[in-house]
Each structure stands twice: as C-alpha cells, then as structure tokens.
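All remarks here apply to the structure that follows.
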Amino acid sequence: MAAALCIGQAAAAAMPGAGYEHRADAAGGAASGKCGCGLGGEKAPAVNVASKGFFWPPSITRFPPNFVRQSSIKARRNCSNIGVAQVVAASATDRNNPAAGVAAAALSTSTHAEIVDGPLELAGNGSAVVPTGVNDSLVDSGISLPCDEAAHAEKKSDRKKSSTLAVHGGERTRRPKVQDTLTIPICQTSTYTFKDTAELIAFQEGTFTSFEYGRYGNPTTNAVEEKISALEGAETTLLSASGMCAATTMLLALVPQGGHIVTTTDCYRRTRQFIQTVLPKMGITTTVVDPADIPALQLALEQNNVSIFFSESPTNPYLRCIDIELVSKLCHEHGALVCIDGTFATPVNQQALALGADLVLHSATKYLAGHNDVLAGSLSGSKQCLSAVRALHNILGGVVDPNAAYLILRGLKTLDLRVRQQNRTASLLASKLEAHPKVARVHYPGLESHPEHHIAKRQMSGFGGVISFEIEGDLETTSRFIDGLRIPYIAPSLGGVESLVEQPTIISYWDQSPAERARLGIKDNLVRFSCGIEDYQDILNDVMQSLDAL
C-alpha cells in the first residue's frame, strides 16, 4: 500500500480544505459525493493529531474491499509494517460497522504493545482517536515533539525501559509458530523455558514433551537424528560433535573398567590411538585381528570377556570389509556388542543394523553432510544400547551446534543422489586404474581382485566413492602424481561433493618412522582418492594425464 494511505480519512479532515472522493466498495455501501471526511456525508470530529504538533498533508485514498476484515485477521501476522495511524484511518471506511473498524485498529495496535501505551478512544460517531501513547513511541524514534510533549513522554513510568524491551520486545508473548515451514528451522538457543513449575514437573516425569537444555537436545538436532534413524532402520540416533566424539563416547560408555575390545588391523589412525593409548589407562585391553581372520576373532572371544567388537567396514585406508552378519553372530554368542563404523559405506550402500550389528557409527562430516563444511558424528541403534552413551554424552557435552545440524539436514536430502554418482565414478575409475601400467595395485571392494569382494557383493548395494591405489614408484613419484592432478584438492577427509586426494604417509603418518609406517601397513606409494560429484570423464582424464606424466 502506498505511503499516502497511512494518512486516512480522519487525518485528512483535520486539514483545512482537505477532502477526498468517497466511493462505494464491493460490499455495496452507498456512494457519496465529496465530503470533508465523515460517514454518509456527515462531518466527523477530527482525529486529535494536529494538536500534537504534526503536519500530515492531504491525500486521495481509497481502501480496498474488506480492508477492515483483512486487517483485523492478518494485521499481527502480515501487516507489522502498517502504522497505527493507517489502521485507525482504515476504520473510517467501514460504514456499516464502525465499531468493527475500531476493533481492527485495536488489534493492530496490540502488535506494537511495547511502544504504544494509551488505549484507543472512540468518538461519538464511532471513529477512532489516535492515543497519546503514539507520541511516546515517536519520541523514542527520534521524531521531535514540542517540549511539553517530550517532557510528558519522559515522565511516563508505566512504559518499559529500552534495555528491557531490547531483551523481551517481540518475543515474550509472540513467538512464531513454525510448524508450517517447509524446511526445519535453526533453533539457535542454549536453554528452554517452562510456563510454570507444574509444567516443569510434568516434563521431568515424562508427561510433557519439551526440551530443557541445549546439551541434552535441540529441535534441529533431533530432526537430523530422526532422519539418520530412518535411513539406518534404527530406533534412535545420537548426534555428536564429530565422528571421533561419537566413537570415544561410545567406547567409554559401553566398555567397563578392565573390559576388553576386539578391533581390526586396518582402521582410522585416531581411533587406533584412542584404543591403544587412552583406554589402557582404565585397564581396558584390546585384541587386534585382521578383518577377515574369523578364527582369530573366535579365539579372542573365548579367551577374553569381550565387551565390544569395533571396526570400520569398509576400513580406512585399504577398504577391507567385515562379514557383519557372521561377526555379529559370533559376538552375540559371547555376549559382546558389535559396532560398525559405516562412514565409507553410508546407509545408502550398507545396512549394518539389518545385518546384525548393534550399533552403526558415522563421521557425519563425510558423506552424510556431504559438502565439506561441517563436523559431526552419529551413532545409531536400539534405545537400550544408546541409553548409556546418551547419558555420558550429556555429561561430556560433545554437542553439535544447531547451525551445523541444519547443514547436515540439508546435506542428507541429497545423500542418495550424491552417493550413487560417487559409486559409479569410483567403480569405473577403479577398473581403469587397475589396468594402468603405472599403478601397482588398486584397493576397491567392487573389484574382483579385492580380498573381500565376495563379502562386499553380498552385503553392499554399492561399493562407495573412495579408491586406494599404489603407484609404481616411491614416495617422491607418488607425490608428483598427486601434484599433477588438477581437479581434486589435496586434503584429508572424504565424501564431499569435491574430489579430494591424499598421500596417507604424508598427510596422516608423517610423524611416524618408516619402520613404524611399515608395521602399520602404510606404504609410501599409497594414494587415497575420494571421488566427488564432478563429471566422471573429467576426473578420468585428469587422473590419466597425471599418470602419463610420470
């Protein structure tokens, strides 16, 4: 609505010679000729504005049909930018029910309750008079008033001070309802309120659903947890600050003092460090087995009171695969839990819980979020398994910021599309690399040459977007290959939309001696390539030109 409409009939009548042509609206009201301002051609008392020191110029205004009804219903929701004077002026156009116009004005002014103090006054003919409280709001806005009016505004004691309004204005009683939003909103809050003690007690007793404190839950975070649970077929999911946070909290919660863990030779270095350097301080011991060595697993289960079997599948960086169904069966016979880190697989390619695992862990930083812009971890499983983990998580406090949770939620919506593209690119590229004379060996579960290809083929619907391969040459030759690539970034991590490449010896194990790297199976000529969603032919051409340049 044009700015001139903020003046209105009643205001125009206060100016000498000011008039406008009043026309019939669609509701069938009688038309009149030119008039000063009043209803039905009668002169109406002017709104008490000229006496306040304002000059409002005349204008020609015509209010749309049902304006009063619309303003009364929608003013608080859609018309917060319509001034109080505009709604008051609109009331003069309701010829059939002047009182309804005043009610509409009252509804509109309630939206500005923090700055408008005085009640609306009703003139004898039903037209509204602007309350003096409007002037007080204009004082705060920096508009000059006569000295007596400014002094009057300063003396008012019932108006909240600016510091109080800055904290509570617009929020205390009018929090927006967001249930109709298409996307889950970011609930950027650290704590939650209760209307009274009875509601708080009901919350504590489980008869009232809400949130209490940001470390214990957040609506945005909960939406992510529910989506991951749906993807994994899990009862519940716990989102945490990183994949390592999820892993360490899980192990601390589920392995008792003096307990025993079984893990695999090929695994993420930081997980290995935690298991072998931190947990022993609590008397926790570990057996490390080859991912395919089932007899070694059976022996560990028989000789130790094993609390949990924990491994990636596929593993990092050699993409070894665990027979999840068989391992779960053996562990459960000895009362041990099974947790599979499915970061490389994603729930698109592998359903670890359906295969018998008790828990599935993800570095949500990778494929789940998918855009290399957020850190997070997730742990999914039964409520019984996760109850102890969640309790410890609430103590340790490794929470995800709501903004990060929102980014994960957004990324998850394209997870299936991204992973299928990455599966295809990696599978085709792995085949090309295996046939190249300057590549000594390719590690990819989709290749028949992979030692667990038969397992991967049985339990995975896709083989993932990561390929590890060995260059024919030494550390320097391998570095030249990586430096010759033009599309992928040299960086740790994986699973994002951008292709990433790394030389594990340098990026993850440079602080280790060559002998120690050899003991851990990390070769100087090893390359880990994480396929993004770029065009496959472009990626292939880039890899081939760098190999050909060696």
Item to complete: List in chain and number order the residues that pass side-chain hydrogen bond (donor to acceptor under 3.5 Å, both in side chains) with Glu534, two or more places apart in sequence or in another chain; answer none if no residue qualifies.
Response: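 Glu534 satisfies side-chain hydrogen bond (donor to acceptor under 3.5 Å, both in side chains) with Ser499 only.
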Discussion item. Holding to side-chain hydrogen bond (donor to acceptor under 3.5 Å, both in side chains), I want the full list of residues that pass it with Ser479, two or more places apart in sequence or in another chain.
Written reply: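 Testing Ser479 for side-chain hydrogen bond (donor to acceptor under 3.5 Å, both in side chains), a comparison that skips the adjacent residues, returns Gln503.
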Counting N and O atoms only, with roles assigned by atom type, does the side chain of [X] sit under 3.5 Å from a partner on the main chain of [Y], one being a donor and the other an acceptor?
X: His453; Y: Pro445; value: yes
X: Thr365; Y: Ala376; value: yes
X: Ser530; Y: Gly495; value: yes
X: Tyr509; Y: Leu520; value: no
X: Asp542; Y: Arg486; value: yes
X: Thr414; Y: Leu417; value: no
X: Tyr444; Y: Gly464; value: yes
X: Thr220; Y: Pro185; value: yes
X: Thr263; Y: Phe310; value: yes
X: Glu452; Y: Cys321; value: yes

A side-chain contact here means heavy atoms from C-beta on lying under 4.5 Å apart; do [X] and [Y] qualify?
X: Leu337; Y: Phe309; answer: no
X: Thr287; Y: Val289; answer: yes
X: Leu428; Y: Leu540; answer: no
X: Phe529; Y: Ile539; answer: yes
X: Leu494; Y: Arg528; answer: yes
X: Val419; Y: Gln422; answer: yes
X: Glu212; Y: Gln204; answer: yes
X: Thr248; Y: Leu251; answer: no

Worksheet item: After noting the C-alpha distance and the side-chain angles of Asn316 and Asp266, does the key distance pass the side-chain hydrogen bond (donor to acceptor under 3.5 Å, both in side chains) rule?
Response: CA-CA 6 Å; Asn316 182 18; Asp266 193 35; over 6 Å; no
Might you point out which heavy atoms bring [X] and [Y] nearest each other, and give the distance in Å?
X: Trp510; Y: Arg517; answer: O-NH1, 4.3 Å
X: Gly381; Y: Leu353; answer: CA-CD1, 4.2 Å
X: Ser240; Y: Val400; answer: O-CG2, 2.8 Å
X: Val262; Y: Ala300; answer: CG2-CB, 3.9 Å
X: Ser313; Y: Gln350; answer: O-NE2, 3.1 Å
X: Asn525; Y: Ile471; answer: ND2-O, 2.8 Å

Item to complete: Run the ring-centre check on Phe211 versus Tyr216 and record whether the distance is less than 6.0 Å.
Response: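 They do not qualify: ring centres at least 6.0 Å apart.
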Between the side chains of [X] and [Y], is a donor N or O closer than 3.5 angstrom to an acceptor N or O?
X: Asn218; Y: Tyr192; result: yes
X: Glu448; Y: His454; result: no
X: His332; Y: Asp358; result: yes
X: Glu434; Y: Ser449; result: yes
X: Gln537; Y: Asn541; result: yes
X: Asp524; Y: Thr505; result: yes
X: Gln421; Y: Arg424; result: no
X: Thr286; Y: His260; result: no

Worksheet item: How are the rings of His443 and Tyr318 set relative to one another: parallel (under 30°), tilted (30 to 60°) or perpendicular (over 60°)?
Response: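 The arrangement is perpendicular - the two ring planes meet at more than 60°.
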Worksheet entry | Criterion side chain to side chain contact (heavy atoms under 4.5 Å, CB included) on Ile322 and Thr264, from CA distance to verdict | CA-CA 9 Å; Ile322 304 297; Thr264 53; 3.8 Å; yes
Check [Y] with [X], please: is the shortest side-chain N to carboxylate O separation under 4.0 Å?
X: Asp290; Y: Arg320; value: yes
X: Lys329; Y: Glu333; value: yes
X: Asp474; Y: Arg480; value: no
X: Asp511; Y: Arg269; value: yes

Discussion item. For Thr343 and Glu312: C-alpha separation, side-chain torsions, deciding distance, then whether side chain to side chain contact (heavy atoms under 4.5 Å, CB included) applies.
Written reply: CA-CA 8 Å; Thr343 298; Glu312 303 148 10; over 6 Å; no
Discussion item. If the condition is side-chain contact (heavy atoms from CB on, under 4.5 Å), which residues does Ala357 pass it with, not counting sequence neighbours?
Written reply: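 For Ala357 the side-chain contact (heavy atoms from CB on, under 4.5 Å) partners, ignoring immediate neighbours, are Ile324, Ser328, Val338, Ile340, Ala352.
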Practice prompt. Output every pair passing side chain to side chain donor-acceptor pair (under 3.5 Å) with a member in residues 381-397, not counting sequence neighbours, ordered by first then second residue.
Written response: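 Passing the test, one end in residues 381-397: Thr236-Arg390.
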Fill in: Contact list for residues 457-468, test side chain to side chain donor-acceptor pair (under 3.5 Å), sequence neighbours left out
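Every pair satisfying side chain to side chain donor-acceptor pair (under 3.5 Å) with a residue in residues 457-468: Asp323-Arg458.
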Worksheet entry | Residues which pass ring pair (Phe, Tyr, Trp, His ring centres under 6.0 Å) with Phe481, listed by chain and number, not counting sequence neighbours |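 Result, ring pair (Phe, Tyr, Trp, His ring centres under 6.0 Å) vs Phe481: Phe469.
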Worksheet item: Please walk me through it: do Cys531 and Ile467 pass side chain to side chain contact (heavy atoms under 4.5 Å, CB included)?
Response: CA-CA 8 Å; Cys531 298; Ile467 312 165; 4.3 Å; yes
Worksheet item: Passes side chain to side chain contact (heavy atoms under 4.5 Å, CB included), Asn222 versus Glu225? Steps please.
Response: CA-CA 5 Å; Asn222 277 22; Glu225 292 173 338; 3.3 Å; yes
Item to complete: Evaluate whether atom CD of Gln512 has more than 12 neighbouring non-hydrogen atoms of other residues, nucleotides or ligands under 6.0 angstrom away.
Response: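 Yes, the 6.0 Å shell around CD holds more than 12 heavy atoms from other groups.
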Fill in: Criterion side chain to side chain contact (heavy atoms under 4.5 Å, CB included) against His362, the qualifying member of Leu368, Leu239, Asp341, Leu231
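Looking at Leu368, Leu239, Asp341, Leu231, the match for His362 under the side chain to side chain contact (heavy atoms under 4.5 Å, CB included) is Leu368.
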Item to complete: For the pair Lys438 and Glu472, evaluate salt bridge (Lys or Arg N to Asp or Glu O under 4.0 Å) and give the outcome as yes or no after the intermediate values.
Response: CA-CA 5 Å; Lys438 294 183 180 179; Glu472 281 284 5; over 6 Å; no
